[in-house]
Amino acid sequence: MKLLHYTYRKLSLLFILLMATWGVLFYYAVEDEVVDETDDTLENYAYLLIKEVLNDPSILQTQGNLMSVYSFRPITKAEGLDYREIFYDSFNYIELEGEYEPVRAMKTAFRMADGQFYELTLMISTMERDDLREAILWYLGILFFLLLLCTSIGIRLVLKGVFRPLQRLLGWLHQLQPGKPVPPLNNPTHIREFCQLGQAAVDMANRSYKAYEEQKQFIENASHELQTPLAIVRGKVELLAESDTLTEQQMKELDAIYATLGRAVKLNKSLLLLSRIENGQFSDTEDVDMDELTDNLLPDLLDIYEHKDVHLVRRHGDKPFVIRCNPSLAQILLSNLLKNALLHNLDGGELQIVTSQDSLQIKNSGDAPLDKEKLFHRFYHSVKGKKDSNGLGLAIARTIAQSASLGLDYDWQDGMHVFRLVKKTEMNNLER
């Protein structure tokens, strides 16, 4: 969710909560004001009515009219002296409408000139609470809708302007690429936090670029420095092996040393390749037809491993398997997978290569399943005794696959090792 939408949603929820709280308080405030005004009217009317009764005692026999209903009831002197004036809500039956209507009632006491106390009950019609509540609800709803509409547009415009520097900063961050100089950041803003964030991002990008260049230089220098002494040592071993004075045991030792140096050279090259891939130094990509590349690599590889007498089964899909990758890396990826399938195949075993538009599967015969958790780790040897392997082939293959947004996994099916190269979108669909 975008920061703009997240902030807008939170402000909208807060606004709704405030409006709902304000609406409830407003209703009770209006209700209290209406009741207070009604009570004042009752007090004034009762005062006038008592004044008339004191002048004309015959009014004690009357009971009011449609708009107001009153009645008089004689009470004892003790009741009159301790009487407390009260107000309350009640209902009164209206014959014209044939129903009960809400009224506000008041009871008070007074004394006539002859010393007799009377209780006056006075009722006047008042607004129905349901009608008041419904009216307030409608008016508040309309007011809330208009306020929400206006404030939503206003808040969105304001927030969009406030977050514009952040959007420019995000766009600038997306332009950063490993190994390429840091582009200038043109993001003028008066917001101090965004200024500090932009400066921190530029400083971090410059430090990362500097560290990248230093690491790249170190790897290249280290590789070259190692290659030279290794080549010199191999050359001296070759010269020493041509000597006629060496015994058979010494020749065996020299042969073992030469083989070890060869593995060291291969290991150095493999580690250098891994570092370059992880540092994004192979940035030039293009569409690579893996079917065509497979057909080009297979003849030479089958000749190399001809002694294993492997039976090849090749199946093509309706459309070729095309990936977006650096051509050199694509060749290394496929070559490593094919070499692994041939090297670790059984003598007289089977090699199946199945391609479709979204995947490539390489299957080879085997004795037992491999450890999925460790198979793609560096220096892991899936088969003991394979001294000619440095344990980096599958690690390099997976690193290349990840750099090309591909998934590389392993499975054991019907006595065969299955290495599957799948496009990430298709892999996600299979997992779901």
Side-chain angles (χ1 to χ4, degrees), residues 214-279 281-282 296-310 326-347 349 351 364 366-367 370-371 374-400 417:
E214 291 176 351
Q215 182 182 12
K216 176 182 175 183
Q217 190 68 32
F218 170 78
I219 292 173
E220 292 178 352
N221 293 340
S223 174
H224 293 156
E225 292 298 326
L226 283 173
Q227 287 292 99
T228 301
L230 287 174
I232 293 173
V233 173
R234 290 187 72 181
K236 290 185 178 296
V237 170
E238 290 175 356
L239 290 175
L240 186 59
E242 295 176 0
S243 176
D244 297 332
T245 61
L246 296 176
T247 64
E248 183 178 353
Q249 181 62 31
Q250 290 172 334
M251 287 295 295
K252 289 182 179 180
E253 294 296 335
L254 283 177
D255 183 63
I257 293 172
Y258 189 81
T260 303
L261 288 172
R263 288 196 297 271
V265 171
K266 289 174 60 177
L267 179 62
N268 183 55
K269 291 181 178 179
S270 297
L271 289 174
L272 177 61
L273 176 62
L274 268 173
S275 298
R276 287 177 174 175
I277 295 171
E278 292 174 348
N279 291 335
Q281 293 180 230
F282 296 89
N296 292 336
L297 292 174
L298 273 176
D300 294 336
L301 292 174
L302 289 174
D303 289 341
I304 295 173
Y305 295 95
E306 185 179 5
H307 62 281
K308 297 184 75 70
D309 193 24
V310 173
N326 180 275
S328 300
L329 293 184
Q331 183 172 348
I332 295 172
L333 165 63
L334 189 55
S335 177
N336 283 2
L337 293 176
L338 292 174
K339 285 180 181 179
N340 180 78
L342 288 168
L343 178 63
H344 301 296
N345 209 324
L346 300 178
D347 292 340
L351 172 63
N364 66 278
D367 295 322
L370 304 176
D371 189 346
K374 300 179 180 179
L375 185 60
F376 295 100
H377 290 182
R378 297 182 184 184
F379 307 112
Y380 173 72
H381 294 271
S382 58
V383 180
K384 295 182 179 179
K386 292 288 184 179
K387 297 182 180 179
D388 54 344
S389 173
N390 56 25
L392 290 175
L394 291 178
I396 293 174
R398 169 160 282 190
T399 302
I400 295 174
H417 303 290

S.K.: Using side-chain heavy atoms (C-beta onward) and a distance below 4.5 Å, is Leu342 in contact with Leu302?
M.R.: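 With C-beta onward as the side chain, the pair touches.
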
S.K.: Could you tell me whether the side chain of Lys339 and the main chain of Leu301 form a donor-acceptor pair under 3.5 Å?
M.R.: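 Not at all, since once roles are kept as given, no pair shorter than 3.5 Å links the two residues.
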
S.K.: Report the distance from atom CG of Asp347 to atom NE2 of His307, rounding to the nearest 0.5 Å.
M.R.: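 Between atom CG of Asp347 and atom NE2 of His307 there are 7.0 Å.
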
S.K.: Which value, rounded to the nearest 0.5 Å, describes the distance between Asn345 atom CG and Tyr305 atom OH?
M.R.: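 Asn345 atom CG to Tyr305 atom OH measures 11.0 Å (nearest 0.5 Å).
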
S.K.: Which of these passes side-chain contact (heavy atoms from CB on, under 4.5 Å) with Leu338: Leu343, Leu297, Asn364?
M.R.: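 When Leu343, Leu297, Asn364 are each tested with Leu338, the side-chain contact (heavy atoms from CB on, under 4.5 Å) holds only for Leu297.
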
S.K.: Could you pull out the closest heavy-atom pair between Val310 and Leu346, with the gap in Å?
M.R.: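 Scanning both residues, the minimum pair turns out to be CG2-O, 4.4 Å.
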
S.K.: How many angstroms lie between atom CG of Leu370 and atom CG of Leu375, to the nearest 0.5 angstrom?
M.R.: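 It comes to 5.5 Å.
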
S.K.: Would you please name every residue forming a side-chain hydrogen bond (donor to acceptor under 3.5 Å, both in side chains) with Gln249, sequence neighbours left out?
M.R.: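 Partners of Gln249 by the side-chain hydrogen bond (donor to acceptor under 3.5 Å, both in side chains) criterion, ordered by chain and then number, come out as Glu253.
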
S.K.: Mind listing the closest non-hydrogen atom pair of Thr247 and Gln250 along with its distance?
M.R.: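 Closest pair (atom of Thr247, atom of Gln250, distance): N-OE1, 2.9 Å.
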
S.K.: Which residues pass the salt bridge (charged side-chain N to carboxylate O under 4.0 Å, His left out) test with Asp300, sequence neighbours left out?
M.R.: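 Salt bridge (charged side-chain N to carboxylate O under 4.0 Å, His left out) list for Asp300, sorted by chain: empty.
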
S.K.: To the closest 0.5 Å, what do you measure between CG (Asn296) and OG (Ser335)?
M.R.: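 These two atoms lie 12.0 Å from each other.
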
S.K.: Checking the side chain of Gln331 only, and the main-chain atoms of Ser328 only, is there a donor and an acceptor separated by less than 3.5 Å?
M.R.: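 Not confirmed, Gln331 side chain does not pair with Ser328 backbone.
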
S.K.: Apply the test side-chain contact (heavy atoms from CB on, under 4.5 Å) to residues Leu394 and Asn336: give CA-CA distance (whole Å), side-chain angles for both, the deciding distance (0.1 Å), then the verdict.
M.R.: CA-CA 7 Å; Leu394 291 178; Asn336 283 2; over 6 Å; no

S.K.: Kindly determine whether Ile332 and Ile396 satisfy side-chain contact (heavy atoms from CB on, under 4.5 Å), including the steps that lead there.
M.R.: CA-CA 8 Å; Ile332 295 172; Ile396 293 174; 4.1 Å; yes

